[in-house]
Amino acid sequence: MDPVVVVTLAVVAVVALAVMTITVLIVLLRRIGEAGGKISGPSPEQEAEILAELETARSEAADIRTKAESDAGEILRRSEAAVEAAAELRKEAEAEGRVLKYELKEFRSDLERRENRLAEREQRLDEEARRQAERARKLAETETELADRREDLDRVSQERKAILERVSGLTSDQARSELVREIENQAKREAALIVREIEGEARKEGEKRATKIVTLAVQRVATEQTAESVVSVLHLPGDEMKGRIIGREGRNIRAFESTTGVNLIIDDTPEAVLLSCFDPVRRETARLTLEKLVLDGRIHPQRIEEAHERSKAEVQELCVRAGEDALVELGITEMHPELITLLGQLRYRTSYGQNVLGHLIESAHIAGIMAAELRLDATLLKRCTVLHDIGKALTHEVEGSHALIGAEIARRYGEHEDVVHAIEAHHNEVEVKTVEAVLTQAADAISGSRPGARRESLEAYVKRLERLEEIAVSYEGVEKVFAMQAGREIRVMVKPEAVDDIQAQVIARDVAKQIEEELTYPGQIRITVVRESRSTEFAR
């Protein structure tokens, strides 16, 4: 219902109620008047009662009128608020209606556009279908025409073939075989000439390039060598320090040798003591320990143990730093920390006067240069070469060939299988299977055999090889002996009629045992006994 109508009805109701109240009062007054005319006069009590009722009626009428007015005002306020809310709702409804009309209009226009696009697409598809049908018809006509031409060509070919066979007196298979035989013979002769020419040029060029590569590699990376030593010298501030090092009844020197594992030699050399040990890392640790004790002045077993622990940590840090520096110099990254530590320990080890870590770095540079010349992976070659002697860091602790020990270490710490194979095969203890292993052998040999690299004299080297051959030849049944791989391998040829297979094994074991007892040599020596039987006959 409209709020205006509601307000109007409320006002009319209030006015009607007021009129009714006034009417009731008037009727009541008339009745009182009429009663007064008929009766001589009301008593004072009646008049007071009538006046009281009249006053009560007036008061009630006034209250009703006041309440009606207040209710009418409240109704008017509510109606005004309702009118305003209705106006707002009407505005919102009109705005929403406009939005819906706009969206409906846009939707209709979008549908019309889509219908137009679909109609255009259907039209294009119909045109494409007509073109495809026309193309298929033309292709069918072309195929029919080609089939007719193919039949004509086959007929002409058969006629030509019959004519050629009739003229030449040979069938087609015979003519084909003859032609193929002639071409094959000619191709073989030309191929043989080309192969011979290529082989000659390749041999000349290969020798020239190999000489150039090796020469350049040696010239670019040749370094100075140092003398091999198993003794370190420590200079003292005075000879009185020797007594303090020895201690009461030799207590300090015994504690020092027990803790460090190094022999301490105190002789008549003025102001100097000697430390002797075949393990270079342990010898360097002992040297630093003794140096700290001499500088401190307090020498007793407890101080020796404390200084030794500090020196061991210092040497370990120096080894890690040396290994990291070597890898940085070679441009190699991502290597296991244990391998880096073992590599750094080789800075204290020498082989025939050549520092092993320097030898590994030099070999890696040589291998990298050769790999670059041969267009191979230089980083992989450097990695193979710098790790090929890593087993020498543990030869004091683990028995066996340093090549096999190094291969096992590299495999344990996740190196690539090509790197592992290059390590284990660099002394031919394992058959060489990769180019990387061959170049690792070459780089190792170049670095070790270049002039000035090692101090072992030629005379001592020759004597060692001669002695190896003499030991093997001294056994009964041995025919020939060859010392190979710079004395790392001995090939023993035995007479098959004088030595059987079991005796050959006994000779190999006895030769190895005698070499171990009589000679001093680096690494290990392989003894191979070869027993070969041949049967020869002549056909006359």
Side-chain angles (χ1 to χ4, degrees), residues 223-323 325 341-359 389 392-398 402 454-457 460 519-523:
T223 57
E224 296 181 356
Q225 53 84 31
T226 58
E228 181 179 14
S229 175
V230 295
V231 176
S232 296
V233 180
L234 179 67
H235 295 282
L236 303 177
D239 287 337
E240 67 277 2
M241 185 60 68
K242 293 182 179 180
R244 301 175 65 179
I245 293 174
I246 295 173
R248 181 178 300 175
E249 298 178 355
R251 181 186 64 173
N252 292 344
I253 192 171
R254 285 197 301 271
F256 182 86
E257 292 180 347
S258 175
T259 302
T260 62
V262 175
N263 293 328
L264 186 59
I265 302 173
I266 301 177
D267 53 14
D268 295 334
T269 305
E271 298 181 354
V273 293
L274 302 179
L275 296 96
S276 176
C277 181
F278 282 96
D279 188 341
V281 177
R282 198 161 52 188
R283 189 173 67 247
E284 178 65 15
T285 305
R287 189 190 67 81
L288 291 176
T289 301
L290 187 58
E291 184 178 350
K292 294 179 184 299
L293 293 172
V294 170
L295 290 177
D296 185 40
R298 295 174 296 172
I299 303 177
H300 52 81
Q302 184 178 358
R303 290 289 300 167
I304 291 173
E305 293 179 0
E306 294 175 357
H308 181 258
E309 291 299 325
R310 292 198 304 270
S311 300
K312 187 187 296 184
E314 184 177 346
V315 170
Q316 184 75 8
E317 183 179 355
L318 291 174
C319 291
V320 173
R321 189 179 306 166
D325 293 342
T341 302
L342 293 176
L343 191 65
Q345 289 178 2
L346 295 176
R347 69 181 294 220
Y348 298 112
R349 175 158 182 168
T350 59
S351 178
Y352 297 109
Q354 185 180 30
N355 184 272
V356 176
L357 181 57
H359 162 65
D389 277 343
K392 289 185 178 181
L394 295 178
T395 51
H396 296 289
E397 305 171 7
V398 182
H402 72 273
R454 297 185 176 180
R455 280 191 179 274
E456 185 181 32
S457 64
L519 299 180
T520 301
Y521 49 89

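At a threshold of 4.5 Å between non-hydrogen side-chain atoms, the residues Leu290 and Leu264 count as touching. No side-chain heavy atom of Glu305 sits less than 4.5 Å from a side-chain heavy atom of His308. Two residues are said to be in side-chain contact when any heavy atoms from C-beta on lie closer than 4.5 Å; Leu293 and Ile304 meet this criterion. Within the 4.5 Å cutoff, side-chain heavy atoms of Glu314 are placed close to those of Lys292. Phe256 has its side chain out of reach of Ile299: every pair of non-hydrogen atoms, C-beta onward, lies at least 4.5 Å apart.
Rounded to the nearest 0.5 Å, atoms CD1 (Ile266) and CD1 (Ile253) are 4.0 Å apart. The distance from atom CZ of Arg283 to atom CG of Asn263, rounded to the nearest 0.5 Å, is 11.5 Å.
Across all non-hydrogen atoms, the minimal contact from Asp389 to His402 is OD1-NE2, 3.1 Å. Looking at every heavy atom in both residues, Val262 comes nearest to Ala286 through CG2-CB, 3.6 Å. What you find for Arg287 and Leu275 is that their closest heavy atoms are N-CD2, 3.8 Å. Closest heavy-atom contact between Gly261 and Arg282: O-NE, 3.7 Å.
Glu306 pairs by the side chain to side chain contact (heavy atoms under 4.5 Å, CB included) definition with Gln302, Arg303, Arg310, not counting sequence neighbours. Every residue meeting the side chain to side chain contact (heavy atoms under 4.5 Å, CB included) condition with Arg251, not counting sequence neighbours, appears here in chain and number order: Arg254, His300, Pro301. The side chain to side chain contact (heavy atoms under 4.5 Å, CB included) search around Thr341 returns Gln316, Val320, Gln345, not counting sequence neighbours.
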